Amino acid sequence: MTDIPKAYEPHSVEQKWYETWNSRGYFKPSGKGPIYSITIPPPNVTGSLHIGHALCYTIHDVLIRWRRMQGYDTLCVPGTDHAGIATQNVIEKQLSKEGLSRHALGREKFLDRTWQFVNEYGGVILTQLKRLGCSFDWDRERFTMDENYVKAVMECFVQWWEAGYIYRGNRVINWCPRCLTAISDIEVEREERKSKLYHLRYPFKDGSGYVVVATTRPETMLGDTAVAANPADERYRDLFGKTLILPIVGSEIPLIADDYAQPEFGSGAVKVTPAHDSNDFEAGLRHDLPQITVIDIHGKMNEQAGPPYTGLDRFEARERIVADLEALGVIEKIEDYDVPTATCARCHTIIEPLLSEQWFVRMKELAQPAIDVVREGRVKFVPERYERTYLDWMENIRDWTISRQLWWGHRIPVWTTEDGQYIVARSQEEALAKAGDRPIKQDEDVLDTWFSSALWPHAVLGWPERTADLEHYYPTSVLITARDIIYLWVSRMIMTGIYFKEEIPFSDVYIYATVLDEHGKRQSKSLGTGVDPLDVIELYGTDALRFSLLIRAARGQDIRFAPIREKRQPQVEEARNFANKIWNASRFVMMNLAGAEEVRSEWVESDALADRWILAELNETIDEVTRALEEYRLNEAAQTLYKFFWDNFCDWYIELTKSVVSSREDTAEVRAARSRIVYILETSLRLLHPLMPYITEEIWQRLPHRGESIMVAPWPEASASREDRKAREQMQVLIAVITKVRNIRSEMNIPPQSRLRLHVGTSDAGARELINKNAGQIKRLARVEEITISEALPEMKSAARDIVAGIEIGVPLEGLIDFDKERERIKKEIERKENETRGLASRLDNPSFAGRAPREVVDQTRQRHAELRAEIEKLRTTLTGLSGQ
RNA sequence: GGGCGGUUAGCUCAGCGGUAGAGCAUCGGUCUUACAAACCGGGGGCCACUGGUUCGAACCCAGUACCGCCCACCA
């Protein structure tokens, strides 16, 4: 078997197995067993894989592979999102490079071009997911602008319209003057920016002085239609209802009483601009104020602003107006001020609140059942804390602006007749039919991207048709997603699922960790702090990337991921080393299988301690890993497997059984040992497979096994009959003894090659038997040539001595012993034990400890205390003996 | 302003009531025929701070500090 490379080479195996799995149809549901289905969060169609995606979809694949092995009928539906603004921005950027604009091109040509781009370059991210090893059903791939998907979107709109949830309204919305569209509240980001606070004097019409108002946006004063103060504000009590003259403009505006004005802020009076501020808008409605729009969709002052401001950019206008106000002597003061500023989440242009006609969805009633299902625990969040986040938002939900002034997206299915009547229909044909012979015109706007993704779980399964998939795989089992789209997406899926399917779309919502850069900040492509997962795969292989992410992906705790520097990424390297360890341990096993065809992966019963122990450890591992996966503690599953495989299997079991397993004889005993080691390895590989699919398949195929692929091999099951506490305890003693001898050798500088003699003394007959039975193991692993076992250690002139687990250890070192060193070593040992004893004693001395602590704990403490005291006593004697030397 | 996380070995992070663990780094020793991407051994921590609950706290409670997120109409 010299053809097995010394190191695992991921690239040669990954493509091979992915194609094999796919071609054999393993990614498709089996149609048998209980259902386990997931629809993935659709990435942007123009996007490319970043490390957060890698984590997200790796988690998907782990769960799907695990459930598949458990015998579930598993389905994972992949797909992409048309991502309205994001995609349109990409195309517009291209156009501007060519000196074009979408308006120059026209709607139809722009859409042609976008489709062309999407068809050609879109979905690259899905091929990247294939490199990640994702076992998704690619035949069921969906896109939010697929013909069938569009039907779902239209159906939703029509039904909601008919039920009265959708309405058109004139409101102040968040407008992005760069994207030239409305955006919803949750697509706005807020940050503090350094600017000024301007205090302006608005004089009373009757010449009786003035009111000072504070504003961060003086340019909007051209649209002011009132000044408001709090009704409880003494300073204004007698002034409400008086008329003010708006400087520059000269118009007359009232001083009104409204509690939205905060008496503590500035002078307590606030100017009211209903067309350019959402609060002012609300106040305007309350007081029936005119709405004067002075800024246009490009962020420029419009006709109403009047000369000389018309045509100026809003920020130029600000300077101009401030200068003019200054000239009029109405500026009280200007202060430096950190202004909370709203920006577009997409392009970070400062949002212009704009009075505009948009389509909205009335949310309150739709949200209620989605609140209930979470409250009742029918939809559970993992980690639990996100339940609160979700509920807080849902309970204060506001209406959803769903229209976008974009071209790329689902065009709003509303047609208007000449006399202004709305016709809402699922298609142009239906609309025409409804219109009869009246001419109609379709609304220019498209729907918010999230309007379509809100339907994802049932739409990808075929809704509104009653398809077999929909009947079978809805509701899905779990939604795995990032926390920043709980509002944008998760909440809306729950609402639409309940509304249209009368059933929750998924019962678990697993919010996975946010991947940060090495400084704990969000990874950002524009800052260049993003890591390309494909680069990582190139370097270390898919399994290493997956494992390194999984072992960190603790219960939603953020993880930091360092960039690749000088062709190295230490976090992934750790996982790569583990992969390599798996490879080499397997290599050892396979080397000893050569020419022994009859060896099977099966557990041949054995009385040997090592065998009983590893079987018990394996059993425990199966149990822990399975439980961890059930509870979405993927990091613990990974950690448990890492420890079992490396520490228990490699460092101890292989070493303990090596001599038999690699024996040249072909006896029944040797064959049995080989069967056992193959069994342990093969079972471990099955446990590891969901996390590291490629390496486990590659090795599994070279081992004796049943079945055609590890992917469809059964998930191991733990069994109470394989628990063996005694074996685990005894093995701990054996490990302690061997470690102690190695320790003496190392500390006393005894060359590794030299064979030692070992004296073991203990009054415990059971311990003597344990040592005796495993003398061969101790000899091999501690490099000892002879072991003498007695009830107590004999006098030894020059020897290193120690005591562990109540067992005295002596290593005669004629001529080799360095007495100073030995004294030092023993002293250190005594000190260590004394430290521990002190801690235990202080507990035992406390009378309430014995009284209140559980019996078990008290007994254990006493026992350990006594044992330590005896050990210290023995070591002291040894030390005294040494001091004469 | 409100809420949620985090603060544990030099670094990255586990642990979340019985007085601390891993990987990397470090120090010493090994090419012991599965693996030097490895093996063996060692050193390193008042578990951010202050109180409280408890027989017992890194772990529970209250507060403080710093870091990071989310929400919010203070012009």
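Note that this is a predicted model, so its numbers are computed, not measured. Naming convention: chains lettered A, B, ... in sequence-line order (proteins, then strands); numbering from 1 in each chain.
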Of the candidate nucleotides B/U12, B/U19, B/A37, which contains the atom at the shortest distance from the side chain of A/Arg560? B/U12

Rounded P spacing from B/U8 to B/C67 in Å: 15 Å

Spell out yes or no: do the side chain of A/Lys6 and the base of B/C35 have one donor N/O and one acceptor N/O closer than 3.5 Å? no

Span that lies between the C1' atom of B/G44 and that of B/A37, in whole angstrom: 25 Å

Short side-chain to backbone donor-acceptor contact, A/Tyr540 and A/Gln569, under 3.5 Å: yes

Are A/Ile564 and A/Leu539 side-chain neighbours, meaning at least one heavy-atom pair lies under 4.5 Å? yes

Are a donor atom and an acceptor atom from the side chains of A/Asp224 and A/Thr273 found within less than 3.5 Å of each other? yes

Is the phosphate of B/C39 approached by A/Arg783 (side-chain N or O, under 4.0 Å from OP1 or OP2)? no

Across the strands shown, which category fits A/Arg832 at heavy-atom distances under 4.0 angstrom: base, sugar-phosphate, nothing? sugar-phosphate

Evaluate the side-chain proximity of A/Thr343 to A/Arg193: yes if any heavy-atom separation is below 4.5 Å, no if none is. yes

How far, in whole Å, is B/U53 from B/G10 if one measures between their P atoms? 32 Å

Any donor-acceptor pair under 3.5 Å linking the side-chain atoms of A/Thr341 with those of A/Arg190? no

Describe the nucleic acid contact of A/Glu747 in one word from base, sugar-phosphate, nothing, applying a heavy-atom distance below 4.0 Å. sugar-phosphate

Represent RNA chain B in dot-bracket notation, 5' to 3'. Only Watson-Crick or G-U wobble pairs with both distances under 3.5 Å count; pseudoknot-style crossings use [ ] and interstrand partners use |. ((((((((.[[[[.)..(..]]]].(((((.......))))).....[[[[[..)....]]]]])))))))....

Give a yes/no verdict on a cation-pi contact between A/Lys658 and A/Phe588, requiring under 6.0 Å between NZ or CZ and the six-membered ring centre and an angle within 45° of the axis. yes

Taking the same atom, P, in B/G63 and in B/C11, what whole-Å distance lies between them? 30 Å

Say whether A/Tyr260 and A/Asp280, considering side chains only, have a donor N or O and an acceptor N or O under 3.5 Å apart. yes

When you compare B/C70 with B/C49, how far apart are their P atoms, in angstrom units rounded to a whole number? 29 Å

Roughly, in whole Å, what's the span from CD1 in A/Ile735 to P in B/G41? 11 Å

Whole-Å distance between B/A34 C1' and A/Arg674 CZ? 15 Å

Categorize A/Asn580 for me: base, sugar-phosphate, or nothing, with a 4.0 angstrom heavy-atom threshold over every strand shown. base

Kindly assign one of parallel, tilted or perpendicular to the pair A/Tyr487 and A/Trp393, based on the angle between their ring planes and the thresholds 30° and 60°. parallel

Which listed nucleotide (B/C35, B/U54, B/G43) is nearest to the side chain of A/Arg587? B/C35

Is it the case that the side chain of A/His199 and the backbone of A/Ile334 share a donor-acceptor pair, with hydrogens and angles ignored and the cut-off at 3.5 Å? no

Between B/U19, B/A34, B/G15, which one does the side chain of A/Asn635 approach most closely? B/G15

Would you kindly give the CD-to-P distance between A/Glu655 and B/U33, to the nearest whole Å? 11 Å

Is there a side-chain polar atom (N or O) of A/Lys658 under 4.0 Å from OP1 or OP2 of B/A34? yes

Determine the contact category for A/Arg576: base if any of its heavy atoms lies under 4.0 Å from a base atom, sugar-phosphate if only primed atoms, P, OP1 or OP2 are that close, otherwise nothing. base

Rounded to the nearest angstrom, tell me the gap between atom NZ in A/Lys581 and atom C1' in B/A37. 10 Å

Using the P atom as the reference point in each nucleotide, state the distance between B/C61 and B/C4 in Å, no decimals. 12 Å

Write down the distance between CH2 (A/Trp652) and P (B/A34), rounded to a whole number of angstrom. 17 Å

What is the per-nucleotide protein-contact pattern of nucleotides 20-27 of chain B, from the 5' end, where B denotes a base atom under 4.0 Å from a protein heavy atom, S denotes such proximity for sugar-phosphate atoms only, and - denotes neither? ---S----

Return the value, rounded to whole Å, for the distance between atom CE of A/Met591 and atom P of B/C35. 7 Å

Looking only at side-chain atoms of A/Arg385, point me to the closest of B/G15, B/C35, B/G5. B/G5

Is there a donor-acceptor contact under 3.5 Å linking the side chains of A/Arg843 and A/Asn846? no

Taking OP1 and OP2 of B/G42, is either one under 4.0 Å from a side-chain nitrogen or oxygen of A/Asn743? yes

Would you mind reading off the distance between A/Ile699 atom CD1 and B/C35 atom P, rounded to a whole angstrom? 15 Å

What one-letter contact string describes nucleotides 69-75 of chain B from 5' to 3', where B marks a base within less than 4.0 Å of any protein heavy atom, S marks contact via sugar-phosphate atoms alone, and - marks no contact? SSS-BBB

State whether a side-chain donor-acceptor pair under 3.5 Å links A/Thr220 with A/Lys271. yes

Take the angle between the ring planes of A/Tyr653 and A/Phe649 and call it parallel below 30°, perpendicular above 60°, tilted in between. parallel

Over all strands shown, is A/Gln569 touching base, sugar-phosphate only, or nothing at heavy-atom distances under 4.0 angstrom? nothing

How are the rings of A/Tyr642 and A/Phe578 set relative to one another: parallel (under 30°), tilted (30 to 60°) or perpendicular (over 60°)? tilted

Can you tell me which residue among A/Glu831, A/Glu836, A/Glu829 is in a salt bridge (charged side-chain N to carboxylate O under 4.0 Å, His left out) with A/Lys833? A/Glu829

Closest-nucleotide mapping onto RNA chain B: is A/Glu573 or A/Ser746 further toward the 5' terminus? I mean the 5' end. A/Glu573

Between A/Arg742 and B/G41, is there a contact of a side-chain N or O with OP1 or OP2 at under 4.0 Å? yes

What is the distance, rounded to the nearest whole Å, between atom CD of A/Gln557 and atom P of B/A14? 6 Å

Span that lies between the P atom of B/G28 and that of B/C69, in whole angstrom: 42 Å

Would you measure the distance from the C1' atom in B/A22 across to the matching atom in B/G3 and give it in whole Å? 34 Å

